[in-house]
Amino acid sequence: MFEWSETDEMIRDAVRSFIDKEIRPHLDALDSGEMLPYPIIRKLFTQFGIDAVGADAIAKLIAKQRKREEALAAGEPLPEKSGKKSGDGGPFAGQESMMAVLISELSGVCMGIVSALGVSIGLGATTIMSRGTLAQKERWLADIVTMKKVAAWAITEPDSGSDAFGGMKTYVRRDGDDYILNGQKTFITNGPFADVVIVYAKLDQGDGADKRDRKVLTFVLDKGMEGFTQGKPFKKMGLHASPTGELFFDNVRLSKDRLLGETEQHEGGDGRESARSSFTAERVGVAFMALGIVNECHRLSVEYAKTRKLWGQEIGRFQLIQLKLAKMEVARINIENMVFNILERGRAGKPPTLSEASAMKLYCSETATDVAMDAIQLFGGNGYMSEYHVEQLARDAKSLMIYAGSNEIQVTHVAKGLLA
């Protein structure tokens, strides 16, 4: 049975110390948008050596791929493959337990930091790792995984929502050896400040083909390209520390070296398949984030129930308060067991399917939101005040029911998996 190791617990304690020193004093500035999350993330990476681990992983990946390509060019036998596609598991493969601890601990204090970090590396870097050429990996990956540069992952559009591919209107047309990109993306995490952006677009070949069936291609853009505009951060209900915005593309000229893989034909399918694998990872990540929310709400509620007095006694002595605390404990155990299951399967090389990841996301996001709302109710009027952290936790938790695909679409994926 999986459980947190001594090393995991040591990392947890160190992360908590970092949070107390570097994040809690700045929560108001982060929540107001006065402070961006990226300097804190970079400091975290430096202090814990995460940037060095990521850089080393990328260097090894690139060296291995270069060796294979050199052998292929020379007509020599290719080095043995491991059975995994290049880039599978992301830049921190083998460090999943550490990352689970990091994500859950950060989420209990400032989930916006986790969102900004997770999209940049978990979606941005991993997509380039899985689909990019050697030259593309050399060009972008090291800077992203060390957070020297921030990445965004752009698929959602104003009129598509959960129908990400069918309703996609952003398109590219071939122009000689180049492509011309037009369209708009919205709700893009890191969008306003990203240095590198992964963009999904439909290929318009001018042949009158049904728009829903057109091939989806994936491109990498850099900040400041002509015709590429990054909108200002949205004002949101929660996740204030995670900048979210719109992207606009007006005849952006893209050379072929910006097309991931530099080919329209991928062994694993077009951009749809690339995005689906990212959806799975993103939804699994929601379980880690939900665990952090539940842990912190649980901790704060227990402390409050022990110290808040009514009618001459601690409110923790009242049965209705005990019921809320008991439900929080059940939720904590359930989500933690899901996280343990994910980690154990990862070590065994058996990652969850999209359907399974959707089921986890559905349960964990709803549960975290319920726990956070119960925490507010337990705190009473104080819980509704921004001075008490449960107010922010509730706003952030609600985003998990929409983030990484609305929970309504998760129901569809779970049912499809069961009926397939």
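Owing to the predicted nature of the structure, the values given are computational and were not obtained by experimental measurement.
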Q.
For a side-chain hydrogen bond (donor to acceptor under 3.5 Å, both in side chains) check, start with the C-alpha distance between Gln65 and Lys137, then their side-chain angles and the critical distance, and finish with the verdict.
A. CA-CA 10 Å; Gln65 186 170 342; Lys137 292 172 184 177; 2.6 Å; yes
Q: Check the pair Leu343, Trp4 against side chain to side chain contact (heavy atoms under 4.5 Å, CB included), reporting the backbone distance first and the verdict last.
A: CA-CA 10 Å; Leu343 296 174; Trp4 298 121; 4.0 Å; yes
**Q.** Full working for salt bridge (charged side-chain N to carboxylate O under 4.0 Å, His left out) between Lys232 and Glu246
**A.** CA-CA 7 Å; Lys232 295 180 180 180; Glu246 294 177 291; over 6 Å; no
Q: Would you please test Asp8 and Ser97 for side-chain hydrogen bond (donor to acceptor under 3.5 Å, both in side chains) and show each step?
A: CA-CA 7 Å; Asp8 293 332; Ser97 181; 2.7 Å; yes
Q: Given salt bridge (charged side-chain N to carboxylate O under 4.0 Å, His left out), test Asp370 with Lys324 step by step and report yes or no.
A: CA-CA 10 Å; Asp370 289 344; Lys324 292 186 188 304; over 6 Å; no
Q: Evaluate the side chain to side chain contact (heavy atoms under 4.5 Å, CB included) criterion for residues Lys185 and Val199: first the C-alpha distance (whole Å), next the side-chain angles of each, then the deciding distance (0.1 Å), finally the verdict.
A: CA-CA 9 Å; Lys185 301 291 183 179; Val199 179; 4.2 Å; yes
Q) Could you go step by step and tell me if Leu106 and Ile19 meet the side chain to side chain contact (heavy atoms under 4.5 Å, CB included) rule? A) CA-CA 7 Å; Leu106 289 172; Ile19 287 171; 3.9 Å; yes
Q: Take Leu181 and Leu221 through the test side chain to side chain contact (heavy atoms under 4.5 Å, CB included) and record every step on the way to the result.
A: CA-CA 10 Å; Leu181 173 67; Leu221 278 65; 3.9 Å; yes
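Panel note: side chain Gln410, backbone Ala404; a donor-acceptor pair is recorded below 3.5 Å. Judged by distance alone, with hydrogens and angles left aside, the side-chain atoms of Gln136 form a donor-acceptor pair with the main-chain N or O of Leu259 at under 3.5 Å. Looking at Asp195, its side chain does come within 3.5 Å of a backbone N or O of Val150 through a donor-acceptor pair. Under a 3.5 Å cut-off, the side chain of Arg174 and the backbone N or O of Tyr179 do not form any donor-acceptor pair. With Thr170 contributing its side chain and Gln184 its backbone, the two residues share a donor-acceptor pair below 3.5 Å. The main-chain N or O of Ala151 is found under 3.5 Å from a side-chain atom of Asn190 such that the two form a donor-acceptor pair. Side-chain atoms of Thr126 come within 3.5 Å of backbone N or O of Gly122 as a donor-acceptor pair. Proximity of a side-chain donor or acceptor of Ser365 to a complementary backbone N or O of Leu362 within less than 3.5 Å is detected. Here the side chain of Asn182 pairs no donor or acceptor atom with the backbone of Tyr171 at under 3.5 angstrom. For Lys235 (side chain) and His240 (main-chain N/O), no donor-acceptor pair under 3.5 Å exists by modelled atom type.
Contact between Met111 and Ser399 at its shortest, heavy atoms only, is CE-OG, 3.4 Å. Taking all atoms of both residues into account, the shortest heavy-atom contact from Val145 to Phe45 is O-CE2, 3.3 Å. Here the closest heavy-atom approach between residue Ala116 and residue Ser242 is recorded as N-OG, 3.9 Å. Pairing each heavy atom of Cys297 with each of Leu393, the nearest pair is SG-CD1, 3.7 Å. Across every non-hydrogen atom of Met338 and Cys364, the tightest pair is SD-SG, 3.6 Å. Across Ala375 and Val390, no two heavy atoms sit closer than the pair CB-CG1, 3.9 Å.
In summary, Asp257 and Arg139 engage in a salt bridge, as defined by a charged side-chain N under 4.0 Å from a carboxylate O. Checked for salt-bridge contact, Arg283 and Glu356 miss the test: no charged N lies under 4.0 Å from a carboxylate O. Under the 4.0 Å criterion applied to side-chain N and carboxylate O atoms, Glu226 and Arg253 are not assigned as salt-bridge partners. With respect to the salt-bridge test (charged N to carboxylate O, under 4.0 angstrom), the residues Lys169 and Asp159 qualify. Salt bridge status for Asp222 with Arg258: present, with a side-chain N to carboxylate O gap under 4.0 Å. Remark: Glu105 engages Arg16 in a salt bridge, criterion side-chain N to carboxylate O under 4.0 Å. Ion pair Lys350/Glu344 not flagged as a salt bridge, since none of the NZ, NE, NH1 or NH2 atoms sits closer than 4.0 Å to an Asp/Glu carboxylate oxygen. Here Lys202 does not pair with Asp213 in a salt bridge; the nearest charged N to carboxylate O distance is not below 4.0 Å.
Within the 4.5 Å cutoff, the side chain of Trp153 has heavy atoms near those of the Tyr200 side chain. At least one side-chain heavy atom of Glu366 sits less than 4.5 Å from a side-chain heavy atom of Asn407. Between Arg332 and Asn295 there is a side-chain heavy-atom pair separated by less than 4.5 Å. The side-chain heavy atoms of Thr244 and Pro233, taken from C-beta on, include no pair separated by under 4.5 Å. In this structure, the side chains of Ile58 and Met129 come closer than 4.5 Å at one or more pairs of heavy atoms. In this structure, Ser355 and His413 have side chains that are not in contact, with every pair of non-hydrogen atoms separated by 4.5 Å or more. Under the 4.5 Å side-chain criterion, counting only non-hydrogen atoms from C-beta, Glu157 is not in contact with Thr186. Counting heavy atoms from C-beta outward, Ile128 and Ile198 have side chains that approach closer than 4.5 Å.
Side-chain atoms of Glu296 and His389 include no donor-acceptor pair closer than 3.5 Å.
By the 6.0 Å contact criterion, CZ on Phe248 is enclosed, its count of non-hydrogen atoms from other residues, nucleotides or ligands being greater than 12. Heavy-atom neighbours of Gln377 CD from other residues, nucleotides or ligands within 6.0 Å: at or below the threshold of 12. Taking a 6.0 Å sphere around NZ of Lys215, one finds it holds more than 12 heavy atoms contributed by other residues, nucleotides or ligands. Heavy atoms of other residues, nucleotides or ligands lying less than 6.0 angstrom from CG of Asp163 number more than 12. Residue Met385 qualifies as enclosed at atom CE: its count of foreign heavy atoms under 6.0 Å is above 12. For Phe48, the CZ atom sits in a packed shell: over 12 heavy atoms of surrounding residues, nucleotides or ligands are nearer than 6.0 Å. Around the CD atom of Glu76, the shell of radius 6.0 Å holds more than 12 heavy atoms that belong to other residues, nucleotides or ligands.
Rounding to the nearest 0.5 Å gives a distance of 12.0 Å between CG of Leu141 and NZ of Lys149. Rounding to the nearest 0.5 angstrom, the gap separating the CG atom in Asp204 from the CZ atom in Arg173 is 4.0 Å. The distance from atom CE of Met237 to atom CG of Leu239, rounded to the nearest 0.5 Å, is 10.5 Å.
Partners of Phe228 by ring-ring contact (aromatic ring centres under 6.0 Å, His included), not counting sequence neighbours, listed by chain and number: Phe249. Checked against side chain to side chain donor-acceptor pair (under 3.5 Å), Tyr363 has the following partners two or more places apart in sequence or in another chain: Asn334.
Figure legend: Arg42 and Tyr38 shown without cation-pi pairing, the cationic atom not lying both under 6.0 angstrom from the six-membered ring centre and within 45 degrees of its axis.
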